[in-house]
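One-based numbering along the sequence shown.
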Amino acid sequence: MIEIIAGLKGHGKTKILIQKANDDIKLTKGTIVYLDKNNKHMYELSNQIRLIVVPEFNVENTDMFIGFIAGIISQDHDLDKIYLDSFLTTACIEENLDYAVNKLQELTEKFDVDFVISASAEKEGMPESVQKYVTVSL
């Protein structure tokens, strides 16, 4: 499953994403990973959630980002959800949002890992194939 929280910068997407992650860790029997562009929100996340700061791993394009995600999945067979904050930045997305979401959909189907994404964009500005995943639009 892919769930997107969409909205322009400063509209509260990260706050919602952190709350969802903290709520989900109480309910899941698996593990949760939270990917971000920095460690600014480290103390807001439950200590049971693994925070990964993506730029520390020199991800330079969308394909590298997808490979990075696949590597995370391959290392944790109990992985339940991956939270992706600042998705457009961390995944190096410019014009290829539909490509990236399609690749994540392939991973979710193959490995049964859910993705919850915050994207600094309005739902109406996203490709039609991506809009169906938007559950919160701010």
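- A side-chain N or O of Asp76 and one of Thr31 form a donor-acceptor pair less than 3.5 Å apart.
- When each of Asp85, Val54, Ile52 is paired with Asp36, the side chain to side chain contact (heavy atoms under 4.5 Å, CB included) condition holds for Asp85 and for no other.
- A donor-acceptor distance shorter than 3.5 angstrom exists from the side chain of Gln131 to the backbone of Lys123, with no hydrogens or angles considered.
- Shown here for Cys92 and Val59, the closest heavy-atom pair between the two residues is SG-O, 3.7 Å.
- To the nearest 0.5 angstrom, Ile32 atom CD1 is 11.0 Å from Lys26 atom NZ.
- Clustering ILVMFWY residues whenever any of their side-chain heavy atoms sit less than 4.5 angstrom apart, transitively, puts Ile93 in the very cluster that holds Ile66.
- Taking the salt bridge (Lys or Arg N to Asp or Glu O under 4.0 Å) definition, one finds that Glu106 meets it with Lys103, sequence neighbours left out.
- Remark: Asp24 CG to Gln48 CD distance equals 12.5 Å, nearest 0.5 Å.
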* **Verdict with reasoning, Ile69 to Leu84, per side chain to side chain contact (heavy atoms under 4.5 Å, CB included)** => CA-CA 10 Å; Ile69 295 288; Leu84 305 168; 3.9 Å; yes

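- In this structure, the separation between OH on Tyr83 and CG on Leu45 is 10.0 Å, given to the nearest 0.5 Å.
- Of the inter-residue distances, the one linking Lys13 atom NZ with Ser137 atom OG reads 10.0 Å to the nearest 0.5 angstrom.
- In terms of heavy-atom proximity, Ala121 sits nearest to Ala6 at O-CB, 3.4 Å.
- No continuous path of hydrophobic side-chain contacts links Leu104 to Tyr99 [ILVMFWY only; heavy atoms under 4.5 Å].
- In this structure, the side chains of Tyr34 and Leu17 come closer than 4.5 Å at one or more pairs of heavy atoms.
- In this model, no donor atom of one side chain and acceptor atom of the other lie less than 3.5 Å apart for Ser46 and Asn22.
- Atom CD of Glu94 is surrounded by 12 or fewer heavy atoms from other residues, nucleotides or ligands within 6.0 Å.
- Residues Leu107 and Ile2 fall within the same hydrophobic cluster, defined by Ile, Leu, Val, Met, Phe, Trp and Tyr side chains chained together at heavy-atom separations under 4.5 Å.
- Val53 and Phe57 get closest at one heavy-atom pair: O-CD1, 3.5 Å.
- Under the 4.5 Å side-chain heavy-atom criterion for grouping Ile, Leu, Val, Met, Phe, Trp and Tyr, Ile82 is connected to Val134 within one hydrophobic cluster.
- Put simply, the side chain of Ser129 does not reach to within 4.5 Å of the side chain of Val101, judged on heavy atoms.
- A donor-acceptor pair under 3.5 Å is formed between the side chain of Thr90 and the backbone N or O of Ser86.
- Taking the side chain as every heavy atom from C-beta outward, Lys20 and Lys81 never approach each other to under 4.5 Å.
- Shown here for Ala91 and Thr62, the closest heavy-atom pair between the two residues is O-OG1, 3.1 Å.
- Proximity of Ile72 to Leu35: side-chain heavy atoms (C-beta onward) are separated by under 4.5 Å at one or more points.
- Residues Tyr133 and Met126 are not in side-chain contact: their nearest non-hydrogen atoms beyond the backbone lie 4.5 Å or more apart.
- Counting heavy atoms from C-beta outward, Phe111 and Leu79 have side chains that stay 4.5 Å or more apart.
- Atoms CD1 and CD1, from Ile16 and Ile5 in turn, are 5.5 Å apart once rounded to the nearest 0.5 Å.
- Of the possible donor and acceptor atoms, one in the side chain of Asp114 sits under 3.5 Å from a partner among the backbone N and O of Met1.
- Residues Gly12 and Leu138 approach most closely at C-CD1, 3.9 Å, considering heavy atoms.
- Here the shortest heavy-atom pairing between Leu97 and Pro127 reads CD2-CD, 4.0 Å.
- Within 6.0 Å of CG on Asp23 lie more than 12 heavy atoms contributed by other residues, nucleotides or ligands.
- Distance check, rounded to the nearest 0.5 Å: NZ of Lys9 to CG of Leu88 gives 12.0 Å.
- Linking Ile, Leu, Val, Met, Phe, Trp and Tyr residues whenever their side-chain heavy atoms come within less than 4.5 Å places Ile18 and Val136 in a single cluster.
- At distances below 3.5 Å, not a single donor-acceptor pair connects side-chain atoms of Thr108 with backbone N or O atoms of Gln105.
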